[in-house]
Amino acid sequence: MKTILLPADGPDTVARAAEIIRAGGLLGIPTETVYGLGANGLSPEAVLKIFEAKGRPQDNPLILHVAGPEQVDRFCHHIPDRAWTLMERFWPGPLTLILPARDEVPRRTTAGLDTVGVRCPATAVTREIIAAAGVPIAAPSANISGKPSPTTAQHVLHDMDGRIEAVVDAGACGVGVESTIVDLTCGVPRLLRPGGIGPELLREVLGELTVDDAVLGELDSGAVVRAPGMKYTHYTPQASVIIVTGTSEGAARYIRRRLTDADRVLCFREELPLYPEGTALAYGRETEPESLARGLFAALRELDRPEIKTIYARCPSGGGVTFAVANRLKKAAGFHLVKGDEQP
Ligand code: TXA
Ligand code: MG
């Protein structure tokens with residue numbers, strides 16, 4: 001199969017993309033968070049192709065992308081008031097809501113669960129494609145399972161060329177990390193994955209919000225996992241990733257003592273002068289958390305080379321989207337953190 005690139009502003013892009021979805025094919029879709037690997041979410045046959053193209057375990061459910069809140073009733077039931085409030089406030093945008101699924105949603109899409117994640121992406125062309133196709137688009141991130149999510153159409157082609165019909169190219173994603181996922185099927189709403197919408201904003205609307213254990217640390221193998229995807233390794237380059245905490249200077253001292261030719265540093269732009277030429281890659285500015293979110297996955301992809309053995313990474317701390325950046329980086333590192341300031 002030859003994968004074609006459709007420019008987001010092309011005159012017939014929406015029609016061609018919608019036709020691919022209606023015909024049961026696979027389509028790379030741009031969203032504000034990351035690129036998705038989309039198919040007709042109501043067709044078990046089409047959805048199966050997503051799992052095959054990604055190499056994704058079939059117990060890992062997909063998010064259903066809708067054109068607007070008015071479509072949610074068709075796929076979900078027992079929708080609490082607070083779900084409507086969240087949709088009104090944050091849609092279209094990087095927020096996925098877990099709600100009880102109607103029977104119309106194939107259990108292959110939900111990986112056998114009675115709940116489904118729904119999200120309305122901010123990227124206009126993708127909402128237009130969903131509306132034109134007349135069906136919701138099921139889409140995970142368009143990477144090979146376990147690899148960093150794609151934030152450009154070129155990343156999608158790198159992973160999926162020849163496996164999908166087309167990619168709609170809308171340039172680099174504005175947010176850069178995947179959507180925030182909130183489970184509204186439990187008593188107190190639960191944050192399953194931090195993302196573009198920070199926990200502080202959610203608490204403004206919801207009052208209370210618990211943070212799932214999977215967000216904060218590595219899970220024991222026997223642990224109950226509420227977002228099945230959280231139990232798989234993620235975003236992992238071939239090298240081992242070690243997060244070095246502490247001040248810029250303390251961490252740089254720790255890293256420089258250990259750095260070999262086969263290692264690289266993934267740091268903040270402000271820290272580049274602390275490392276020898278050619279050894280460090282900046283993924284954004286520490287003082288601009290949005291730039292870190294936009295740059296993280298592209299940087300992890302750039303460092304995903306067989307000759308690189310260890311990546312020493314600098315991780316931001318804080319709320320908002322910073323919380324999501326730190327979560328993705330800690331997952332890439334398998335929660336391997338060392339204190340740069342306190343060790344020789
Ligand atoms: O920003 C995003 O959410 C991107 C773009 C393409 O929309 N999509 C994305 O999909 O990140 P994916 O499949 O890579 O991650 C979805 C996560 C997985 O961890 C999955 O287990 C979880 O959402 N999930 C999906 N449906 C769920 C459900 N019914 N209950 C709990 N977790 C669910
Ligand atoms: Mg993913």
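We use all heavy atoms of the structure for the numbers below, so side chains are in, but hydrogens, waters and symmetry mates are not. Note that the coordinates shown come from a computational prediction; the quantities given were computed from them, not determined experimentally. For ligands, and for the atoms within them, numbers begin at 1 and follow the listed sequence.
Remark: ligand 1 and Thr115 share an N or O pair separated by less than 3.5 Å (distance only, no angle test). Here's the thing with His65: one of its N/O atoms is less than 3.5 angstrom from an N/O atom of ligand 1. Checking only distances, Lys54 never comes within under 3.5 Å of ligand 1, N or O to N or O. Polar contact check, Ser141 against ligand 1: a nitrogen or oxygen pair lies under 3.5 Å apart.
For Arg193 (side chain) and Ser179 (main-chain N/O), a donor-acceptor pair under 3.5 Å exists by modelled atom type. Under a 3.5 Å cut-off, the side chain of Arg89 and the backbone N or O of Leu201 do not form any donor-acceptor pair. Side chain of Asn40 to backbone of Gly24: no donor-acceptor contact under 3.5 angstrom is found. Side-chain atoms of Asp183 do not come within 3.5 Å of backbone N or O of Arg190 as any donor-acceptor pair.
Residue Asn60 has at least one heavy-atom neighbour below 4.0 Å for each of these atoms of ligand 1: 18 (C), 20 (C), 21 (O). Counting the atoms of ligand 1 from 1 in the order shown, those under 4.0 Å from a heavy atom of Glu178 are 1 (O), 2 (C), 11 (O). Within the listing of ligand 1, atoms 6 (C) sit less than 4.0 angstrom from a heavy atom of Gly36. Here is the list of ligand 1 atoms found below 4.0 Å of a heavy atom in Ser179: 1 (O), 2 (C), 3 (O). The atoms of ligand 1 that sit less than 4.0 Å from any heavy atom of Leu113 are 28 (C), 29 (N), 30 (N).
Donor-acceptor pairing under 3.5 Å is lacking for the side chains of Arg258 and Thr310.
Put simply, no part of Thr110 is less than 4.0 Å from ligand 1, judged by heavy atoms.
Residue Glu88 qualifies as open at atom CD: its count of foreign heavy atoms under 6.0 Å is 12 or below. When the shell of 6.0 Å around CG of Asp261 is examined, it contains 12 or fewer heavy atoms from other residues, nucleotides or ligands. Taking a 6.0 Å sphere around CZ of Arg253, one finds it holds 12 or fewer heavy atoms contributed by other residues, nucleotides or ligands.
Contacts of Arg56 with ligand 1, taken as heavy-atom pairs under 4.0 Å, involve the side chain alone. When non-hydrogen atoms are compared, ligand 1 lies under 4.0 Å from the backbone of Val116 (N, CA, C, O) but not from its side chain.
With 2.8 Å as the limit, Asn143 does not count as an N, O or S neighbour of the Mg ion (ligand 2).
Checked against Val156 for a side chain to side chain contact (heavy atoms under 4.5 Å, CB included), the options Val167, Thr151, Val168, Asn143 give a single hit: Val167.
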